[in-house]
Amino acid sequence: MVEQTSPDGTDAVLDATQARIASEALLIDVDGYEGPLDLLLTLARTQKVDLRKISVLALAEQYLSFVDRAKTLRIELAADYLVMAAWLAFLKSRLLLPVDPQEDGPSGEELAAHLAFQLERLEAMRRAAAKLMARDQLGRDFFARGLPEDTGVKKTVVYKATVLDLMQAYARLKTKDSFAPLHYAERDSVLTMEQALERMKSLMGHALEWSDLSQFLPDGWSDDPKKRRSATAASFAAALELVKNGSLEIRQSDTFAPIELRKKGI
Amino acid sequence: MSDDKPEQPANITESLFEAPPMAEQERMIEAILFATNTPQTKLQIENRMPHGSDVAEAITRLRKRYDGRGVNLVRVGEAWAFRTAADLGFLMQKEQVETRKLSRAAIETLAIIAYHQPVTRAEIEEIRGVSVSSGTIDMLMELDWIKLGRRRMTPGRPVTFIVTQVFLDHFGLENARDLPGVKELRDAGLLDNRPPPGALQIPSDDPDRAEEQDDMFG
Amino acid sequence: MSDDKPEQPANITESLFEAPPMAEQERMIEAILFATNTPQTKLQIENRMPHGSDVAEAITRLRKRYDGRGVNLVRVGEAWAFRTAADLGFLMQKEQVETRKLSRAAIETLAIIAYHQPVTRAEIEEIRGVSVSSGTIDMLMELDWIKLGRRRMTPGRPVTFIVTQVFLDHFGLENARDLPGVKELRDAGLLDNRPPPGALQIPSDDPDRAEEQDDMFG
């Protein structure tokens with residue numbers, strides 16, 4: 001402001017000196033900056049003007065000279081600082097050269113305005129952050145109840161079951177019961193497959209011709225229907241077993257026709 | 001300070017600042033007792049308060065202020081603390097009732113106990129064909145639907161389970177003997193022929209199958 | 001009930017018991033809020049209160065009652081809590097909890113989320129000019145000061161971040177609108193999401209965003 005408009009230029013020289021000192025200080029702890037925008041904000045502050053009135057052109061020059069100095073001092077700058085330098089060089093050329101109406105894209109002024117906006121916004125957020133942290137804080141300035149009382153939710157689970165559920169569960173179990181092999185109470189009316197197989201093997205030698213399966217049932221097992229059913233099933237299963245090992249042949253001429261057996265290899 | 005006032009030579013630190021007004025002392029103690037996590041003795045409060053404070057007086061006033069409120073200033077031994085009023089305790093514990101269906105294992109175990117009581121765990125396992133977890137028994141005990149009966153007079157003297165009055169009340173039964181038998185269940189169409197999930201797949205195309213089997217093996 | 005009294009047919013559950021008098025409702029809420037140390041929403045309070053209670057009215061009265069006391073009834077977002085008056089913090093040095101020292105990045109990121117919420121990570125990075133480390137976001141999440149908001153309806157559907165009730169409680173804010181200087185910042189256009197010139201116009205295809213912002217600060 002005053003410095004920049006000073007007619008004799010001494011203030012400007014003074015300012016430039018200060019800027020140089022500042023930029024040297026910046027170089028020393030370049031690591032302390034959080035990226036190019038942070039650095040730009042710091043440089044902008046050396047202009048000592050409201051960020052809204054910042055000269056973006058001057059800022060671009062400040063930044064570029066900073067990067068140049070870093071190069072001469074062989075300070076390695078991170079890539080994003082160099083990207084920003086390239087962009088600012090481009091911005092500078094746009095700001096200095098007369099506007100080419102043929103060229104599309106945003107104008108230098110638009111780009112400069114946006115950069116100024118970014119700097120102003122970053123600064124604003126930093127101030128806001130400081131104000132936020134300066135507020136009274138829970139556990140530091142004000143406190144919650146130190147001795148909270150038990151206010152839990154007592155959950156009571158009520159199990160729903162009706163007498164119908166109970167009966168159905170029992171019925172299910174009892175039905176399953178009747179299939180359970182452990183509960184074959186009267187085993188005397190059951191011919192096991194082992195017994196049938198034994199018997200079949202001993203009789204097989206006589207089955208030189210096709211003979212009905214019923215002829216192979218044990219004596220006394222053909223009259224009682226329960227016994228006959230069990231003996232028939234067991235003998236049939238035994239016959240299939242013997243067919244499988246190749247010592248017997250089996251045939252049935254039609255559905256429900258008699259099942260006939262004979263010894264194989266005759 | 002006028003010199004005609006016969007002031008006692010006070011301790012320097014004490015005289016540097018005047019004690020805050022009583023209303024402010026009350027506020028301070030209110031905040032201290034609210035924020036601390038243990039009841040505070042008079043001495044503990046005094047140590048936090050500005051010099052010259054009349055803690056006893058401030059507590060008396062504060063206690064009166066909270067008299068009849070939802071929160072009271074109570075004496076705990078030699079110390080002071082805020083406590084919610086005893087008559088409002090019911091607001092603190094919120095009851096939440098959740099209805100759940102009994103697990104299959106639980107309902108089956110319960111059914112066996114109801115139909116066969118007194119019954120041992122081994123017997124339940126034999127009927128169900130699978131072992132019964134302690135969790136299931138525990139849950140039924142907790143629900144107060146089953147309890148221990150007399151020990152069986154067999155080797156090992158195993159405990160038996162029987163159903164409780166709570167069980168009978170819940171299921172609306174006068175007596176466990178009132179439970180309908182299998183035949184009645186079947187007659188009433190309650191006997192589900194579909195195999196239970198996870199059980200052996202029994203061909204379901206034959207509704208008479210169960211009887212046939214009974215026929216065959218009975 | 002006399003039949004000449006023109007009673008309105010009330011909801012059955014509500015009419016079963018009459019709501020207690022306002023003074024009693026006040027006591028009840030006082031007890032509920034005193035007992036807990038986390039803010040309770042109106043709904044949470046209502047769930048504990050007898051049917052027909054006017055929680056909003058009782059809170060207003062209770063709040064007035066504690067006005068200027070050592071303990072105040074404060075609003076935290078949509079919830080209420082008792083907190084000691086901030087001017088008495090010096091009495092509670094023993095209770096002060098050592099807060100983790102936040103990095104500059106964390107503080108700035110937190111502020112940006114609070115003032116710009118809902119905000120995407122890319123927007124935070126655009127404002128700060130540097131990338132945001134996951135560690136910073138994780139830490140703020142762990143403190144329970146920020147949480148995920150709705151996804152932005154832009155390509156990639158990026159997640160947004162918003163501040164939590166714990167954040168409001170910690171900084172003694174009734175509302176995100178009460179953030180210091182938020183009005184000035186908004187009036188200055190500094191809370192606008194202004195895209196760089198020449199960049200793809202993203203905000204225009206996001207009708208959601210304007211509303212979300214209005215929601216927050218409107």
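All chains are named by letter (A, B, ...) in the order of the sequence lines, taking the proteins before the strands, and each is independently numbered beginning at 1.
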Practice task
Go through the steps to decide whether A:Met133 and C:Leu102 satisfy the test side chain to side chain contact (heavy atoms under 4.5 Å, CB included), and finish with yes or no.
Solution key: CA-CA 10 Å; A:Met133 298 315 282; C:Leu102 291 180; 3.8 Å; yes
Practice task
Please round to the nearest 0.5 Å and tell me the distance separating atom CZ of A:Arg145 and atom CZ of C:Phe82.
Solution key: 10.0 Å
Handout entry: Interface moiety of A:Asp38 toward chain C, non-hydrogen atoms closer than 4.5 Å
Key = side chain
Exercise for the section: Examine distances only and state if a side-chain atom of C:Thr84 and a backbone atom of A:Phe142 form a donor-acceptor pair shorter than 3.5 Å. Expected result: no
Exercise for the section: Answer yes or no: is there a side-chain heavy-atom contact under 4.5 Å between A:Leu132 and C:Phe167? Expected result: yes
Fill in the blank from the handout: CZ (A:Arg140) and CD (C:Gln96) are apart, to the nearest 0.5 Å, by 8.0 Å
Problem - C:Phe90 portion near chain A, given a 4.5 angstrom heavy-atom threshold - result: neither
Exercise for the section: May I ask you to name which of C:Leu185, C:Ile112, C:Asp169 has the most heavy-atom pairs under 4.5 Å with chain A? Expected result: C:Asp169
Exercise for the section: List for me each residue that meets side-chain contact (heavy atoms from CB on, under 4.5 Å) alongside A:Ala169, sequence neighbours excluded, and say none if there are none. Expected result: A:Arg172, B:Ile107, B:Glu108, B:Ala111
Handout entry: Contacting region of C:Ala85 [heavy-atom separation from chain A under 4.5 Å]
Key = backbone
Problem - Stepwise side chain to side chain contact (heavy atoms under 4.5 Å, CB included) test for A:Leu138 and C:Arg83 - result: CA-CA 8 Å; A:Leu138 180 66; C:Arg83 297 288 181 252; 3.6 Å; yes
Practice task
Measure the spacing between CD of A:Glu34 and OG of C:Ser131 and express it to the nearest 0.5 Å.
Solution key: 9.5 Å
Fill in the blank from the handout: When rounded to the nearest 0.5 Å, the distance separating CG of A:Leu37 from CD of C:Glu125 is 12.5 Å
Problem - Largest heavy-atom contact set with chain A, pairs under 4.5 Å, which of C:Glu95, C:Glu184, C:Arg104 - result: C:Arg104
Practice task
Go through the atoms of C:Glu126 and report whether side chain, backbone, both or neither lie under 4.5 Å from a heavy atom of chain A.
Solution key: both
Practice task
Measure from the side-chain N and O atoms of A:Arg135 to the backbone N and O of C:Gly172, and report whether any donor-acceptor pair falls under 3.5 Å.
Solution key: yes
Handout entry: Greater than 12 external heavy atoms within 6.0 Å of C:Glu46's CD
Key = yes
Completion exercise
Pair count under 4.5 Å, heavy atoms only, with chain C: among A:Gly146, A:Ala134, A:Ala144, highest is A:Ala144
Completion exercise
residues 117-127 of chain A vs chain C, non-hydrogen distance cutoff under 4.5 Å, contacting residues -> A:Phe117, A:Gln118, A:Glu120, A:Arg121, A:Leu122, A:Ala124, A:Met125, A:Arg126
